[in-house]
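Since we're looking at a predicted model, the values are computed, not measured.
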Amino acid sequence: MLCRISAVGDGFMAAESAKLGGEPHELLEAMAQCAAYHVRHVTKFSRQAFLMKVTRYPFPPSPVTGIVSMTATLTGSASDARAYAVSAEVGGETVTASLLIGTTPFDDRFEAARLSPHYQEIFSCLTSA
């Protein structure tokens, strides 16, 4: 769902979505991916990241289509989870979701030898797009 990462720092990441088609879940998925890729980056791709909880997501008033700019801002951190406020500009309005991204060590289900390089390659492609 992401097509480009435009900026990344210790506490934030700015990205653009791929072209969204208006389905209600697409914006939320893009926002979650933005936050999850930030977690992967700050953990040096050493852990698996996943959407653990959507604390707040105000559905946009109309279907979201096209490319959407968003920023994931780290708002809290624990050993196995990170909280984010992810804001997106939609139709002249800002939609902000509160997401909790969990992390887990790579293991038999999440193979480090395969997944870590895979996510690093995708991150590299998105930052050079």
ring-ring contact (aromatic ring centres under 6.0 Å, His included): pairs with one or both residues in residues 59-98, sequence neighbours excluded: His38-Tyr84, Tyr57-Phe59
Check: Leu99 and Leu28 side chains under 4.5 Å, non-hydrogen atoms: yes
Sub-4.5 Å side-chain heavy-atom contact between Val42 and Arg82: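 Val42 reaches Arg82 side chain to side chain.
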Shortest non-hydrogen contact from [X] to [Y]?
X: Ile101; Y: Ala49; answer: CG2-CB, 4.0 Å
X: Ala88; Y: Leu27; answer: CB-CD1, 4.1 Å
X: Ala32; Y: Leu51; answer: CB-CD2, 4.1 Å

More than 12 heavy atoms of other groups within 6.0 Å of Asp10 CG: no
Glu16 and Ser6: side chain donor to acceptor below 3.5 Å: no
Pairs under 3.5 angstrom only: tabulate donor-acceptor contacts from the side chains of residues 60-75 to other protein residues two or more places apart or in another chain.
| unit_1 | atom_1 | unit_2 | atom_2 | d |
| --- | --- | --- | --- | --- |
| Thr75 | OG1 | Ala83 | O | 3.2 |

Sequence neighbours left out, cut at 3.5 Å: what donor-acceptor pairs do the side chains of residues 121-129 make with other protein atoms?
| unit_1 | atom_1 | unit_2 | atom_2 | d |
| --- | --- | --- | --- | --- |
| Thr127 | OG1 | Phe123 | O | 3.1 |
| Thr127 | OG1 | Ser124 | O | 3.0 |
| Ser128 | OG | Ser124 | O | 2.9 |
| Ser128 | OG | Cys125 | O | 3.4 |

ILVMFWY cluster, Phe50 and Leu100 together (side-chain gap under 4.5 Å):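 They do share one cluster, since a chain of ILVMFWY contacts under 4.5 Å joins Phe50 to Leu100.
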Val54 reachable from Val90 in the ILVMFWY side-chain graph, under 4.5 Å edges: yes
Audit row: Thr94, Glu89, side chain to side chain donor-acceptor pair (under 3.5 Å) steps and yes/no: CA-CA 5 Å; Thr94 301; Glu89 294 300 318; 2.7 Å; yes
Listed once per pair and sorted, the salt bridge (Lys or Arg N to Asp or Glu O under 4.0 Å) pairs that draw on residues 52-70, sequence neighbours left out: none
Check: Thr43 side chain, Val39 main-chain N or O, donor-acceptor pair, under 3.5 Å: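 It does hold such a pair.
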Set of residues satisfying side chain to side chain donor-acceptor pair (under 3.5 Å) with respect to Glu111, sequence neighbours excluded: none
Sequence-distant partners of Ser87, side chain to side chain donor-acceptor pair (under 3.5 Å), two or more places apart: Thr96
Between CD on residue Gln33 and CD1 on residue Ile5, distance to nearest 0.5 Å: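 Answer rounded to 0.5 Å: 10.0 Å.
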Pairwise distance OG(Ser17) to CE(Met31) - rounded to 0.5 angstrom: 10.5 Å
Arg40 NZ/CZ over Phe45 ring centroid, <6.0 Å and within 45° of normal: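 Not flagged: Arg40 not positioned over aromatic ring of Phe45.
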CA sep, side-chain torsions, deciding dist, call: Glu26, Met1, side-chain contact (heavy atoms from CB on, under 4.5 Å): CA-CA 8 Å; Glu26 289 178 333; Met1 288 272 187; 3.6 Å; yes
